Peer 1: 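Let me begin by handing over the structure; questions about it come next.
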Amino acid sequence: MRLEPRLRLACAALLLYYCHTFGVWHADHAATLSTYGLETANVLPTRLVAALGGPWLLPPFWTLLHLAGLYFLGLFGLLSLFRKNDRAALWTLGFLFANKAYYYACDLRLHSDAHHLHLLLSFLFLVARERLFFLRAGLVASFWALARAKLGPSWAGGDYFLARPDFPAWAAPYCALWVGIEALAPLLWLSELRLARAAALAVLAAAYALRSESALLLPPLLLCAFWDDVGPMQRGFRPSAAQWQAWAALALFLLAGVPPSEDDRAGAARITVASPAGERTFDVVWPWRAPTRRPDGTVSPAASPYYRGDWTEIVREGDKIVFNPYAFISLPNRLLGPWPFELYARRLCREGLAERVDVALELRRDGRMSGERVELSKRCALP
C-alpha cells in the first residue's frame with residue numbers, strides 16, 4: 001500500500017488538520033463532549049444520535065485523555081508518512097476519521113464548513129481506489145457546496161456585509177461575483193487550457209489561505225491535488241462500479257451541503273415551562289455578533305448572546321436540571337431554529353419536569369429589525 005509523493009503530502013495535510021481539530025476540542029469543548037455535558041443538560045446532538053438514544057460519552061478525565069491521545073496519534077501518523085510507512089498512516093487516518101465523525105455527531109456546536117469538508121475528503125481518501133481523481137472531485141464538490149451555502153441575500157446580495165460599518169457599499173456587487181467564481185472556477189480544472197487550470201488553482205488557494213479555519217486544509221490540499229499539472233482532472237480516470245462508495249459520498253455531500261460560514265442570524269427566545277410546581281419563563285437573546293450600522297447612522301458594538309438572569313445559575317428541581325442558561329447562550333447564531341428547543345422540551349418531558357413547554361423564537365438576519373417568528377409547543381404525556 002504505497003502512496004505517490006503528492007498523495008503522501010495530501011495525507012499529511014489531512015492528518016495535520018486532525019491534530020488541529022483535536023487540539024482545539026481538547027482546549028475548548030472537552031466538558032461538553034463528556035458526561036459532564038449530560039449531567040448539566042448541556043448537549044446538542046444531531047437528530048440521528050438523539051433518535052438512537054445518545055449521545056454516549058466518557059467521563060471528563062477520560063474525554064480529556066482521549067482527545068489528547070487522538071492529537072498525538074495524528075502526530076504518529078505524520079511520523080509514519082515521514083518514515084514512508086504509508087499503511088500505518090492510512091490506518092491512523094481511518095481511526096481518527098471514525099473518532100472525529102462520532103464526536104461531530106454528538107454536538108452540533110462543533111459543526112462548521114471546514115470540518116464538513118475535512119470529513120468528506122478524509123472519507124474519499126480512505127475508500128477510493130483512484131485517490132488522486134477523487135481528491136480532486138472532492139475539492140470540486142467542496143467549492144460547489146461552499147458557493148451554494150452563500151446563495152441568498154445575506155452573501156450573494158451583500159446584506160451581511162452592508163450591515164457592517166466598515167464595508168463599503170460599492171463592493172456589494174462583488175459578493176455575488178465571488179459566489180459565481182467559487183462555483184465556476186472548479187470547472188476550469190476540466191479544461192484543456194493549462195492557463196485556465198492554473199488560474200483556478202491560484203485564485204481559490206489564495207482566497208482560502210486568508211480564512212483562518214480553512215487555511216490549514218484547503219490550500220495545502222489544492223496544491224497537492226493540482227501542483228503537477230498533467231492535464232484535465234478527468235484524464236486517465238477509469239470509472240468502475242467498485243468506486244460506488246466514493247460516488248455515493250460525493251452525492252450525499254452535495255445534497256446535504258455545508259453550514260453557512262457567517263453568523264447572519266440574530267434572535268430572541270422566550271421559553272415557558274409549565275409544571276405542577278408552577279410556571280417559569282426564561283428569556284435568551286442572541287444579538288447579531290458583528291458591529292451593526294443602525295438606520296440613524298450610528299454603530300452598535302459587537303455583542304454576545306446573553307440570558308436575562310444569572311447565566312451562571314442552573315435552575316434545578318430537586319436533583320434534576322430544569323434550565324441551564326449556558327446551554328443556550330453557547331449556541332452559535334447559525335443554529336438558531338426549532339431543533340435545540342425541541343430537544344430541550346423532549347428532555348423535560350422525559351424527566352417529568354414539565355407538563356407543557358412553549359417556545360416563542362424571533363429570528364432576524366443581517367442586523368435587520370424585523371424577521372420571522374417560530375413557535376413551538378409541546379405537551380408532555382401524563383404518567
Side-chain angles (χ1 to χ4, degrees), residues 1-26 29-30 33-34 48-49 54-58 62-107 110-111 114-139 141-142 214 216-225 227 237-238 240-250 252-253:
M1 191 183 296
R2 301 289 295 176
L3 297 175
E4 60 177 284
R6 74 164 77 192
L7 290 178
R8 192 174 286 125
L9 290 173
C11 187
L14 293 171
L15 288 168
L16 184 62
Y17 203 79
Y18 278 110
C19 293
H20 167 73
T21 297
F22 293 122
V24 171
W25 291 0
H26 182 276
H29 299 282
L33 293 175
S34 70
L48 175 61
V49 171
W56 308 271
L57 302 169
L58 297 170
W62 292 107
T63 298
L64 283 168
L65 193 63
H66 186 220
L67 291 171
L70 293 172
Y71 173 86
F72 286 108
L73 189 60
L75 295 180
F76 167 78
L78 289 170
L79 180 63
S80 299
L81 286 173
F82 180 75
R83 298 173 62 88
K84 298 187 178 180
N85 188 348
D86 298 340
R87 183 181 296 274
L90 288 171
W91 276 103
T92 301
L93 183 69
F95 185 78
L96 294 176
F97 168 81
N99 281 269
K100 178 174 178 175
Y102 177 72
Y103 278 124
Y104 204 58
C106 286
D107 196 334
L110 301 176
H111 286 206
H115 287 311
H116 270 57
L117 305 184
H118 184 223
L119 287 170
L120 168 73
L121 295 169
S122 295
F123 182 79
L124 293 175
F125 200 88
L126 289 166
V127 303
R129 294 185 180 180
E130 298 275 353
R131 284 194 174 92
L132 180 58
F133 172 81
F134 279 103
L135 175 62
R136 292 172 167 177
L139 288 167
S142 296
S214 302
L216 279 176
L217 181 67
L218 289 178
L221 289 177
L222 281 168
L223 293 175
C224 293
W227 71 319
F237 173 66
R238 298 180 298 277
S240 165
Q243 298 159 344
W244 67 269
Q245 303 101 321
W247 287 118
L250 285 171
L252 289 173
F253 176 78

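All values reported here derive from a predicted model rather than from experimental measurement.
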Peer 1: With Y104, which residues qualify under side-chain hydrogen bond (donor to acceptor under 3.5 Å, both in side chains), at least two apart?
Peer 2: H116
Peer 1: Rounded at 0.5 Å granularity, tell me how far CZ in F125 sits from CG in L7.
Peer 2: 5.0 Å
Peer 1: Between H115 and L110, does a side-chain contact (heavy atoms from CB on, under 4.5 Å) hold up when you go through it step by step?
Peer 2: CA-CA 8 Å; H115 287 311; L110 301 176; 5.6 Å; no
Peer 1: Answer yes if the ring centres of F22 and H66 are under 6.0 angstrom apart, and no otherwise.
Peer 2: no
Peer 1: Can you name the closest pair of heavy atoms from R131 and L90 and give their distance?
Peer 2: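 Smallest heavy-atom distance, with atoms named: NH2-CD1, 3.7 Å.
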Peer 1: Determine the minimum heavy-atom distance between A225 and L139, stating which atoms define it.
Peer 2: CB-CD1, 3.8 Å
Peer 1: Using 0.5 Å steps for rounding, measure from the CG atom of L81 to the CZ atom of F76.
Peer 2: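 Spacing of CG (L81) from CZ (F76) equals 10.0 Å.
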Peer 1: Of L33, T21, L64, which is the lone residue that meets side chain to side chain contact (heavy atoms under 4.5 Å, CB included) with H26?
Peer 2: L64
Peer 1: Hey, what do you get for OH (Y18) to CG (L119), rounding to the nearest 0.5 Å?
Peer 2: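 Atom-to-atom, Y18:OH and L119:CG are 5.5 Å apart.
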Peer 1: Which residues pass the salt bridge (charged side-chain N to carboxylate O under 4.0 Å, His left out) test with R129, not counting sequence neighbours?
Peer 2: none
Peer 1: Which residues satisfy the side-chain contact (heavy atoms from CB on, under 4.5 Å) test with F95, sequence neighbours excluded?
Peer 2: L70, L73, N99
Peer 1: Indicate yes or no: at least one non-hydrogen side-chain atom of C19 is less than 4.5 angstrom from one of L75.
Peer 2: yes
Peer 1: Looking at every non-hydrogen atom in both residues, tell me the closest pair between S214 and P219 and how far apart they are.
Peer 2: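 That would be O-CD, 3.3 Å.
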Peer 1: Excluding sequence neighbours, so at least two apart, what forms side-chain hydrogen bond (donor to acceptor under 3.5 Å, both in side chains) with T92?
Peer 2: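 With neighbours one apart ignored, the set is empty.
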Peer 1: Once side-chain contact (heavy atoms from CB on, under 4.5 Å) is applied, do any residues pair with W62, and if so which ones, sequence neighbours excluded?
Peer 2: L58, P59, L65
Peer 1: What is the minimum heavy-atom distance between L250 and G138, and which atoms define it?
Peer 2: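 Nearest pair, atom of L250 first, then G138: CD2-CA, 3.9 Å.
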Peer 1: Given side-chain contact (heavy atoms from CB on, under 4.5 Å), test F134 with W247 step by step and report yes or no.
Peer 2: CA-CA 9 Å; F134 279 103; W247 287 118; 3.6 Å; yes
Peer 1: For the residue pair W25 and Y103, categorise the inter-ring angle as parallel (less than 30°), tilted (30 to 60°) or perpendicular (more than 60°).
Peer 2: perpendicular
Peer 1: side-chain contact (heavy atoms from CB on, under 4.5 Å) with S34: which residues, sequence neighbours excluded?
Peer 2: Y36, P60, T63
Peer 1: Distance check, rounded to the nearest 0.5 Å: S142 atom OG versus L218 atom CG?
Peer 2: 6.5 Å
Peer 1: If I compare all heavy atoms of L78 with all of A12, which pair ends up nearest, and what's the gap?
Peer 2: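 Closest heavy-atom pair between L78 and A12: CD2-O, 3.4 Å.
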Peer 1: How long is the gap from CG on L121 to CG on L217, to the nearest 0.5 Å?
Peer 2: 6.5 Å
Peer 1: Step by step, work out the side-chain contact (heavy atoms from CB on, under 4.5 Å) result for Y17 and K100.
Peer 2: CA-CA 11 Å; Y17 203 79; K100 178 174 178 175; 4.2 Å; yes
Peer 1: Atom CG in L135, atom OG in S122: separation rounded to 0.5 Å?
Peer 2: 10.5 Å
Peer 1: So which atom in L221 and which in A13 form the shortest heavy-atom distance, rounded to 0.1 Å?
Peer 2: CD2-CB, 3.9 Å
